Amino acid sequence: MGIKEVHGGRQLPRSNVFRRDTKFSQAPIVSVPKSSSVSTIKPEENTPCKYWMSGNCRRGEKCWYLHSWLRGDGFATLAKLEGHKKAVRGIAHPSGFDKLYSGSSDGTLRMWDGYTGHCVRLTNLGDEVGSLITEGSLIFIGMKNLVKALDIHSEVEFNLKGPIGQVFAMTVVRDMLVAGAQNGCISTWRASCETKSFQPAASLEGHIGAVTCFAVEEKTLFSGSEDHTIRVWDMDTFRCIETLNGHAAAVTSLVHRNGYLFSCSLDCTIKVWSAPEGRNWEVVYTHNVGSGALKLCGMNDAETEPVLFCSCNDNTVRLYELPSFSERGRIFSKREVRVIERGSENLFFTGDDSGSLTVWKWRENLKKTN
(Lines give C-alpha, C1' and ligand atoms only; values in the text may rest on other atoms or scores of the structure.)
Protein backbone atom coordinates (compact mmCIF):
# COMPACT_ATOMS: atom_id res chain seq x y z
CA MET A 1 0.00 0.00 0.00
CA GLY A 2 1.43 3.37 -0.95
CA ILE A 3 1.20 6.64 0.93
CA LYS A 4 -1.35 7.96 -1.52
CA GLU A 5 -3.83 5.25 -0.54
CA VAL A 6 -3.80 5.94 3.18
CA HIS A 7 -3.72 9.70 3.34
CA GLY A 8 -6.69 11.13 1.53
CA GLY A 9 -5.13 11.16 -1.90
CA ARG A 10 -2.00 13.07 -0.84
CA GLN A 11 1.25 11.70 -2.11
CA LEU A 12 4.89 12.64 -1.87
CA PRO A 13 6.24 14.94 -4.60
CA ARG A 14 8.27 12.86 -7.03
CA SER A 15 10.98 15.10 -8.43
CA ASN A 16 13.74 17.03 -6.69
CA VAL A 17 12.73 15.70 -3.29
CA PHE A 18 16.30 15.06 -2.25
CA ARG A 19 18.35 17.54 -4.31
CA ARG A 20 21.84 18.51 -3.19
CA ASP A 21 23.93 21.01 -5.10
CA THR A 22 27.44 20.49 -3.73
CA LYS A 23 30.16 19.25 -6.09
CA PHE A 24 32.51 16.28 -5.90
CA SER A 25 35.13 15.37 -8.44
CA GLN A 26 33.78 13.31 -11.34
CA ALA A 27 37.27 12.07 -12.14
CA PRO A 28 37.25 8.29 -11.93
CA ILE A 29 38.55 6.91 -8.67
CA VAL A 30 38.58 3.38 -10.03
CA SER A 31 36.99 2.15 -13.24
CA VAL A 32 33.60 0.51 -12.72
CA PRO A 33 34.23 -3.21 -12.18
CA LYS A 34 32.43 -5.68 -14.41
CA SER A 35 31.12 -7.43 -11.30
CA SER A 36 29.12 -4.35 -10.27
CA SER A 37 26.23 -5.46 -12.49
CA VAL A 38 23.96 -8.35 -11.60
CA SER A 39 25.39 -11.74 -12.56
CA THR A 40 23.46 -14.09 -14.82
CA ILE A 41 21.88 -16.40 -12.26
CA LYS A 42 18.50 -17.84 -11.50
CA PRO A 43 16.06 -15.01 -10.83
CA GLU A 44 15.05 -16.35 -7.43
CA GLU A 45 18.64 -16.56 -6.16
CA ASN A 46 19.41 -13.07 -4.91
CA THR A 47 21.67 -14.05 -2.04
CA PRO A 48 25.26 -12.81 -2.40
CA CYS A 49 28.05 -15.37 -2.26
CA LYS A 50 29.92 -14.96 1.02
CA TYR A 51 33.01 -16.61 -0.50
CA TRP A 52 33.00 -14.16 -3.42
CA MET A 53 32.73 -11.28 -0.94
CA SER A 54 35.88 -12.58 0.74
CA GLY A 55 37.61 -12.96 -2.63
CA ASN A 56 37.90 -16.77 -2.68
CA CYS A 57 34.88 -18.30 -4.45
CA ARG A 58 36.19 -21.24 -6.49
CA ARG A 59 33.00 -21.94 -8.42
CA GLY A 60 33.22 -18.84 -10.58
CA GLU A 61 30.39 -18.61 -13.10
CA LYS A 62 29.02 -21.95 -11.89
CA CYS A 63 28.23 -20.51 -8.46
CA TRP A 64 24.51 -20.35 -7.77
CA TYR A 65 24.86 -17.26 -5.60
CA LEU A 66 25.15 -13.63 -6.57
CA HIS A 67 28.64 -12.36 -7.42
CA SER A 68 27.87 -8.67 -7.02
CA TRP A 69 27.70 -5.94 -4.40
CA LEU A 70 24.28 -4.92 -5.69
CA ARG A 71 21.06 -6.05 -7.27
CA GLY A 72 19.14 -3.63 -9.46
CA ASP A 73 19.62 -1.15 -12.26
CA GLY A 74 20.59 2.49 -12.40
CA PHE A 75 23.62 2.57 -10.11
CA ALA A 76 27.10 1.03 -9.88
CA THR A 77 30.13 0.68 -7.64
CA LEU A 78 32.95 3.12 -8.36
CA ALA A 79 35.44 2.20 -5.65
CA LYS A 80 35.96 0.55 -2.29
CA LEU A 81 38.15 2.58 0.06
CA GLU A 82 39.84 0.33 2.60
CA GLY A 83 41.87 1.34 5.64
CA HIS A 84 39.67 1.60 8.72
CA LYS A 85 40.06 -1.32 11.12
CA LYS A 86 36.62 -0.94 12.72
CA ALA A 87 33.15 0.36 11.86
CA VAL A 88 32.76 3.53 9.81
CA ARG A 89 30.67 5.95 11.91
CA GLY A 90 30.55 8.98 9.67
CA ILE A 91 31.31 10.22 6.15
CA ALA A 92 31.61 13.90 5.24
CA HIS A 93 32.20 15.62 1.93
CA PRO A 94 32.68 19.38 2.48
CA SER A 95 31.02 21.52 -0.18
CA GLY A 96 33.39 22.55 -2.97
CA PHE A 97 36.18 20.34 -1.64
CA ASP A 98 37.64 17.41 -3.58
CA LYS A 99 38.41 15.39 -0.46
CA LEU A 100 36.26 12.93 1.45
CA TYR A 101 36.48 12.43 5.23
CA SER A 102 35.56 9.34 7.24
CA GLY A 103 35.58 8.67 10.97
CA SER A 104 35.66 5.25 12.58
CA SER A 105 35.33 3.32 15.82
CA ASP A 106 39.04 2.60 15.41
CA GLY A 107 39.67 6.13 16.66
CA THR A 108 40.91 7.58 13.38
CA LEU A 109 39.89 10.25 10.89
CA ARG A 110 40.87 9.55 7.29
CA MET A 111 41.00 12.00 4.39
CA TRP A 112 40.60 10.47 0.90
CA ASP A 113 41.62 12.01 -2.41
CA GLY A 114 38.65 12.36 -4.77
CA TYR A 115 40.74 11.65 -7.87
CA THR A 116 42.81 8.65 -6.83
CA GLY A 117 40.77 7.19 -3.98
CA HIS A 118 43.92 7.05 -1.86
CA CYS A 119 44.01 7.93 1.82
CA VAL A 120 46.15 11.07 1.92
CA ARG A 121 45.93 11.79 5.63
CA LEU A 122 45.39 9.68 8.74
CA THR A 123 44.68 11.36 12.07
CA ASN A 124 44.68 9.42 15.33
CA LEU A 125 41.95 10.98 17.47
CA GLY A 126 42.67 8.96 20.59
CA ASP A 127 39.12 7.67 21.07
CA GLU A 128 36.22 6.17 19.16
CA VAL A 129 34.25 8.27 16.69
CA GLY A 130 30.48 8.11 17.22
CA SER A 131 29.37 10.46 14.44
CA LEU A 132 30.73 12.91 11.88
CA ILE A 133 29.19 15.75 9.84
CA THR A 134 30.33 18.77 7.86
CA GLU A 135 29.06 22.34 7.68
CA GLY A 136 30.87 24.88 5.52
CA SER A 137 34.60 24.49 6.07
CA LEU A 138 34.15 22.72 9.41
CA ILE A 139 34.21 19.01 10.17
CA PHE A 140 32.49 18.05 13.44
CA ILE A 141 33.49 14.76 15.06
CA GLY A 142 31.28 13.31 17.79
CA MET A 143 33.31 11.52 20.46
CA LYS A 144 33.02 10.54 24.09
CA ASN A 145 32.08 13.60 26.22
CA LEU A 146 32.91 16.12 23.50
CA VAL A 147 32.62 17.27 19.90
CA LYS A 148 35.88 17.96 18.09
CA ALA A 149 35.77 20.64 15.38
CA LEU A 150 38.29 20.89 12.54
CA ASP A 151 38.59 23.75 10.05
CA ILE A 152 39.75 22.10 6.83
CA HIS A 153 41.24 25.34 5.45
CA SER A 154 43.17 26.63 8.46
CA GLU A 155 43.55 23.18 10.06
CA VAL A 156 42.63 24.75 13.40
CA GLU A 157 41.07 22.31 15.88
CA PHE A 158 38.98 22.99 18.98
CA ASN A 159 36.81 20.96 21.35
CA LEU A 160 33.21 21.60 22.38
CA LYS A 161 32.45 20.14 25.79
CA GLY A 162 29.08 19.41 27.34
CA PRO A 163 27.86 15.99 26.15
CA ILE A 164 27.96 13.10 28.60
CA GLY A 165 28.92 9.81 27.03
CA GLN A 166 29.39 9.02 23.36
CA VAL A 167 27.96 11.48 20.82
CA PHE A 168 25.95 9.35 18.38
CA ALA A 169 24.25 12.07 16.31
CA MET A 170 24.83 15.66 15.19
CA THR A 171 23.14 18.19 12.96
CA VAL A 172 22.95 21.93 12.31
CA VAL A 173 19.84 24.03 12.92
CA ARG A 174 20.24 27.55 11.54
CA ASP A 175 23.31 28.92 13.37
CA MET A 176 23.44 26.17 15.99
CA LEU A 177 25.33 22.90 16.22
CA VAL A 178 23.28 20.15 17.87
CA ALA A 179 24.70 16.95 19.39
CA GLY A 180 22.86 13.97 20.86
CA ALA A 181 24.60 11.93 23.54
CA GLN A 182 24.52 8.56 25.21
CA ASN A 183 22.81 9.88 28.35
CA GLY A 184 19.75 11.10 26.40
CA CYS A 185 20.59 14.81 26.53
CA ILE A 186 20.95 17.11 23.52
CA SER A 187 23.65 19.79 23.66
CA THR A 188 23.53 22.91 21.50
CA TRP A 189 26.09 25.58 20.67
CA ARG A 190 25.50 28.86 18.84
CA ALA A 191 28.07 29.94 16.26
CA SER A 192 29.58 33.42 16.49
CA CYS A 193 30.82 34.86 13.18
CA GLU A 194 32.68 37.66 14.95
CA THR A 195 34.73 35.48 17.26
CA LYS A 196 34.66 32.41 15.00
CA SER A 197 33.71 30.28 17.99
CA PHE A 198 30.79 28.34 19.43
CA GLN A 199 29.08 29.21 22.70
CA PRO A 200 26.77 26.87 24.66
CA ALA A 201 23.12 27.70 23.94
CA ALA A 202 20.90 25.18 25.74
CA SER A 203 20.61 21.59 26.90
CA LEU A 204 17.49 19.75 25.77
CA GLU A 205 16.36 17.04 28.16
CA GLY A 206 13.53 14.54 27.88
CA HIS A 207 14.80 11.34 26.29
CA ILE A 208 15.51 8.49 28.72
CA GLY A 209 17.72 6.61 26.27
CA ALA A 210 20.63 7.52 24.05
CA VAL A 211 19.88 10.02 21.29
CA THR A 212 20.59 8.25 18.01
CA CYS A 213 19.46 10.53 15.17
CA PHE A 214 18.13 13.93 14.08
CA ALA A 215 16.11 15.55 11.33
CA VAL A 216 15.47 19.26 10.77
CA GLU A 217 12.64 21.34 9.34
CA GLU A 218 13.47 25.06 9.51
CA LYS A 219 13.28 25.89 13.24
CA THR A 220 11.98 22.44 14.23
CA LEU A 221 14.29 19.66 15.43
CA PHE A 222 13.26 16.00 15.46
CA SER A 223 15.26 13.64 17.69
CA GLY A 224 15.10 9.84 17.78
CA SER A 225 16.19 7.72 20.71
CA GLU A 226 16.77 4.26 22.07
CA ASP A 227 13.75 4.96 24.31
CA HIS A 228 11.54 4.18 21.23
CA THR A 229 10.30 7.78 20.90
CA ILE A 230 10.72 10.75 18.59
CA ARG A 231 10.66 14.20 20.17
CA VAL A 232 9.76 17.40 18.35
CA TRP A 233 11.57 20.54 19.55
CA ASP A 234 10.94 24.23 18.89
CA MET A 235 14.47 25.60 18.57
CA ASP A 236 13.34 29.19 19.20
CA THR A 237 12.23 28.24 22.71
CA PHE A 238 14.22 25.00 23.16
CA ARG A 239 11.02 23.29 24.30
CA CYS A 240 9.71 19.85 23.40
CA ILE A 241 6.34 20.48 21.76
CA GLU A 242 5.40 16.88 20.98
CA THR A 243 6.48 13.30 21.65
CA LEU A 244 5.80 10.71 18.93
CA ASN A 245 5.10 7.15 20.01
CA GLY A 246 4.76 4.47 17.38
CA HIS A 247 7.90 2.38 17.26
CA ALA A 248 8.31 -0.73 19.41
CA ALA A 249 12.11 -0.56 19.57
CA ALA A 250 14.96 1.95 19.29
CA VAL A 251 14.50 4.69 16.68
CA THR A 252 17.66 4.57 14.61
CA SER A 253 17.28 7.16 11.83
CA LEU A 254 15.14 10.11 10.70
CA VAL A 255 14.68 11.95 7.40
CA HIS A 256 12.43 14.97 6.83
CA ARG A 257 11.42 16.00 3.32
CA ASN A 258 8.56 18.10 1.94
CA GLY A 259 6.37 17.93 5.02
CA TYR A 260 6.85 14.23 5.70
CA LEU A 261 8.95 12.66 8.46
CA PHE A 262 10.43 9.23 7.77
CA SER A 263 11.61 7.16 10.72
CA CYS A 264 13.08 3.68 11.01
CA SER A 265 13.63 1.38 13.94
CA LEU A 266 14.99 -1.92 15.16
CA ASP A 267 11.32 -3.01 15.19
CA CYS A 268 11.82 -3.71 11.44
CA THR A 269 9.63 -0.86 10.20
CA ILE A 270 9.83 2.43 8.36
CA LYS A 271 7.09 4.85 9.38
CA VAL A 272 5.95 7.91 7.46
CA TRP A 273 4.53 10.74 9.59
CA SER A 274 2.55 13.80 8.59
CA ALA A 275 1.12 16.81 10.43
CA PRO A 276 -1.71 18.00 8.14
CA GLU A 277 -2.82 21.60 8.51
CA GLY A 278 -0.75 22.18 11.62
CA ARG A 279 -2.20 19.29 13.61
CA ASN A 280 -0.15 16.79 15.62
CA TRP A 281 2.15 14.39 13.83
CA GLU A 282 0.57 11.04 13.00
CA VAL A 283 1.63 7.88 11.18
CA VAL A 284 0.17 7.74 7.66
CA TYR A 285 2.04 4.69 6.41
CA THR A 286 4.09 1.81 7.87
CA HIS A 287 6.42 -0.31 5.76
CA ASN A 288 7.82 -3.59 7.11
CA VAL A 289 11.39 -4.18 5.91
CA GLY A 290 11.72 -7.64 7.47
CA SER A 291 14.91 -6.87 9.44
CA GLY A 292 16.02 -4.34 11.99
CA ALA A 293 16.37 -0.97 10.22
CA LEU A 294 19.52 1.04 10.95
CA LYS A 295 19.84 4.04 8.65
CA LEU A 296 17.70 6.08 6.26
CA CYS A 297 18.89 8.41 3.52
CA GLY A 298 16.87 10.13 0.81
CA MET A 299 18.19 11.31 -2.52
CA ASN A 300 17.30 11.70 -6.18
CA ASP A 301 18.65 9.32 -8.80
CA ALA A 302 20.18 10.47 -12.10
CA GLU A 303 16.68 11.04 -13.50
CA THR A 304 15.70 13.14 -10.42
CA GLU A 305 13.35 10.42 -9.18
CA PRO A 306 13.18 10.25 -5.36
CA VAL A 307 14.69 7.16 -3.72
CA LEU A 308 14.74 6.21 -0.05
CA PHE A 309 17.64 4.10 1.19
CA CYS A 310 17.23 1.88 4.26
CA SER A 311 20.09 -0.19 5.66
CA CYS A 312 19.22 -3.22 7.76
CA ASN A 313 20.97 -5.51 10.22
CA ASP A 314 21.02 -8.35 7.66
CA ASN A 315 23.94 -6.60 5.90
CA THR A 316 21.79 -5.15 3.11
CA VAL A 317 20.60 -1.71 2.02
CA ARG A 318 17.15 -1.54 0.41
CA LEU A 319 16.36 1.11 -2.20
CA TYR A 320 12.70 2.15 -2.38
CA GLU A 321 10.93 4.21 -5.00
CA LEU A 322 8.69 6.94 -3.61
CA PRO A 323 5.83 7.31 -3.05
CA SER A 324 5.05 3.65 -3.84
CA PHE A 325 7.75 2.06 -1.62
CA SER A 326 8.42 -0.43 -4.43
CA GLU A 327 11.87 -1.96 -3.98
CA ARG A 328 14.12 -1.04 -6.92
CA GLY A 329 17.34 -2.65 -5.75
CA ARG A 330 19.62 -3.75 -2.93
CA ILE A 331 23.18 -3.15 -1.86
CA PHE A 332 25.06 -6.00 -0.16
CA SER A 333 27.85 -5.61 2.36
CA LYS A 334 30.16 -7.77 4.46
CA ARG A 335 28.81 -6.17 7.63
CA GLU A 336 26.02 -3.83 8.68
CA VAL A 337 25.92 -0.46 6.88
CA ARG A 338 25.42 2.34 9.41
CA VAL A 339 26.41 5.32 7.25
CA ILE A 340 24.83 6.46 3.96
CA GLU A 341 25.82 9.89 2.67
CA ARG A 342 24.72 11.82 -0.40
CA GLY A 343 27.35 13.33 -2.64
CA SER A 344 27.04 15.49 -5.72
CA GLU A 345 27.21 14.74 -9.44
CA ASN A 346 25.20 11.52 -8.87
CA LEU A 347 27.59 10.14 -6.25
CA PHE A 348 26.75 8.59 -2.89
CA PHE A 349 28.73 6.78 -0.18
CA THR A 350 28.22 3.94 2.28
CA GLY A 351 30.27 2.82 5.28
CA ASP A 352 29.93 -0.51 7.09
CA ASP A 353 30.95 -2.17 10.34
CA SER A 354 33.95 -3.88 8.74
CA GLY A 355 35.53 -0.47 8.15
CA SER A 356 34.91 -0.47 4.40
CA LEU A 357 33.81 2.73 2.63
CA THR A 358 32.19 2.38 -0.81
CA VAL A 359 31.72 5.03 -3.49
CA TRP A 360 28.66 4.60 -5.72
CA LYS A 361 27.29 6.45 -8.72
CA TRP A 362 23.84 6.75 -10.26
CA ARG A 363 23.77 5.87 -13.96
CA GLU A 364 21.83 8.00 -16.39
CA ASN A 365 19.08 6.40 -18.44
CA LEU A 366 20.86 4.94 -21.48
CA LYS A 367 17.78 5.48 -23.68
CA LYS A 368 17.94 9.20 -22.97
CA THR A 369 21.68 9.53 -23.55
CA ASN A 370 21.69 7.70 -26.92
Side-chain angles (χ1 to χ4, degrees), residues 29-89 91 102 104-105 117 252-253 264 266 268-270 287-299 301-302 307-321 325-343 346-363:
I29 299 176
V30 174
S31 59
V32 179
K34 295 181 180 179
S35 61
S36 64
S37 59
V38 178
S39 303
T40 304
I41 59 174
K42 296 180 180 180
E44 67 275 16
E45 291 164 349
N46 291 316
T47 302
C49 175
K50 63 180 180 180
Y51 299 104
W52 177 84
M53 284 184 164
S54 301
N56 59 3
C57 180
R58 298 180 179 180
R59 294 185 61 86
E61 295 181 355
K62 296 181 180 181
C63 183
W64 285 7
Y65 294 96
L66 194 65
H67 282 200
S68 176
W69 294 107
L70 60 90
R71 173 173 60 80
D73 298 321
F75 62 103
T77 311
L78 279 189
K80 283 193 172 291
L81 311 183
E82 305 290 351
H84 286 300
K85 304 303 181 184
K86 294 183 179 180
V88 176
R89 294 302 187 192
I91 299 170
S102 59
S104 168
S105 295
T252 52
S253 189
C264 73
L266 293 179
C268 305
T269 67
I270 300 172
H287 185 81
N288 194 318
V289 296
S291 299
L294 303 174
K295 179 67 177 179
L296 296 176
C297 183
M299 67 184 81
D301 66 10
V307 180
L308 182 70
F309 288 64
C310 179
S311 68
C312 298
N313 58 11
D314 62 357
N315 301 347
T316 68
V317 180
R318 276 86 155 165
L319 283 69
Y320 296 107
E321 296 179 351
F325 266 90
S326 299
E327 186 173 323
R328 63 173 288 174
R330 290 196 183 190
I331 289 172
F332 304 106
S333 183
K334 293 180 181 179
R335 298 282 301 277
E336 297 171 342
V337 171
R338 297 184 186 273
V339 182
I340 308 171
E341 183 68 23
R342 289 178 292 157
N346 293 329
L347 294 178
F348 60 95
F349 314 95
T350 58
D352 69 21
D353 278 2
S354 73
S356 180
L357 191 160
T358 306
V359 183
W360 307 83
K361 185 169 185 176
W362 291 108
R363 289 173 170 171

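Nothing here was measured: the structure is a model prediction, and the numbers come from that model. Count residues from 1 along the sequence.
- In this structure a side-chain-to-backbone donor-acceptor pair under 3.5 Å is missing from S291 to N313.
- For C268 against G292, the heavy-atom pair with the smallest separation is SG-N, 3.6 Å.
- Annotation: the span from L319 atom CG to R330 atom CZ amounts to 10.5 Å, rounded to 0.5 Å.
- Contacts of R338 classified as salt bridge (Lys or Arg N to Asp or Glu O under 4.0 Å), with partners at least two apart in sequence or in another chain: E336, D353.
- Residues passing the side chain to side chain donor-acceptor pair (under 3.5 Å) test with E82 are S356, sequence neighbours excluded.
- Of the possible donor and acceptor atoms, one in the side chain of S311 sits under 3.5 Å from a partner among the backbone N and O of V337.
- Between the side chains of S354 and K334, no donor-acceptor pair of N or O atoms lies under 3.5 Å.
- S104 is linked by a side chain to side chain donor-acceptor pair (under 3.5 Å) to D106, counting only residues two or more places apart in sequence or in another chain.
- From I91, atom CD1 reaches atom CG of L81 across 8.5 Å, with rounding to the nearest 0.5 Å.
- T316 is linked by a side chain to side chain donor-acceptor pair (under 3.5 Å) to D314, R318, counting only residues two or more places apart in sequence or in another chain.
- The CG atom of L296 lies 7.5 Å from the CD1 atom of I340; values are rounded to the nearest 0.5 Å.
- Within the 4.5 Å cutoff, the side chain of T77 has no heavy atoms near those of the V359 side chain.
- Among residues at least two apart or in separate chains, there is no salt bridge (charged side-chain N to carboxylate O under 4.0 Å, His left out) pair with a member in residues 289-298.
- For the side chain to side chain donor-acceptor pair (under 3.5 Å) test, residues two or more places apart in sequence or in another chain that qualify with T350 are W360.
- Not counting sequence neighbours, F332 has no partner by the ring-ring contact (aromatic ring centres under 6.0 Å, His included) test.
- The CZ atom of F325 sits 11.5 Å away from the CG atom of N288 when rounded to the nearest 0.5 Å.
- Ring-centre distance between Y320 and F309: not below the 6.0 Å cut-off.
- Annotation: the span from L266 atom CG to L294 atom CG amounts to 6.5 Å, rounded to 0.5 Å.
- In terms of the salt bridge (Lys or Arg N to Asp or Glu O under 4.0 Å) criterion, D352 has no residue partners (sequence neighbours excluded).
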Side chain to side chain contact (heavy atoms under 4.5 Å, CB included) between F75 and I331, intermediate numbers included: CA-CA 10 Å; F75 62 103; I331 289 172; 3.8 Å; yes

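- A salt bridge links D301 to R328: at least one charged side-chain nitrogen sits closer than 4.0 Å to a carboxylate oxygen.
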Chi angles and distances behind the side chain to side chain donor-acceptor pair (under 3.5 Å) call for H287, T269: CA-CA 6 Å; H287 185 81; T269 67; over 6 Å; no

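- Under the 4.5 Å side-chain criterion, counting only non-hydrogen atoms from C-beta, R342 is not in contact with F349.
- The two atoms that bring N346 and A302 nearest to each other are OD1-CA, 3.7 Å, heavy atoms only.
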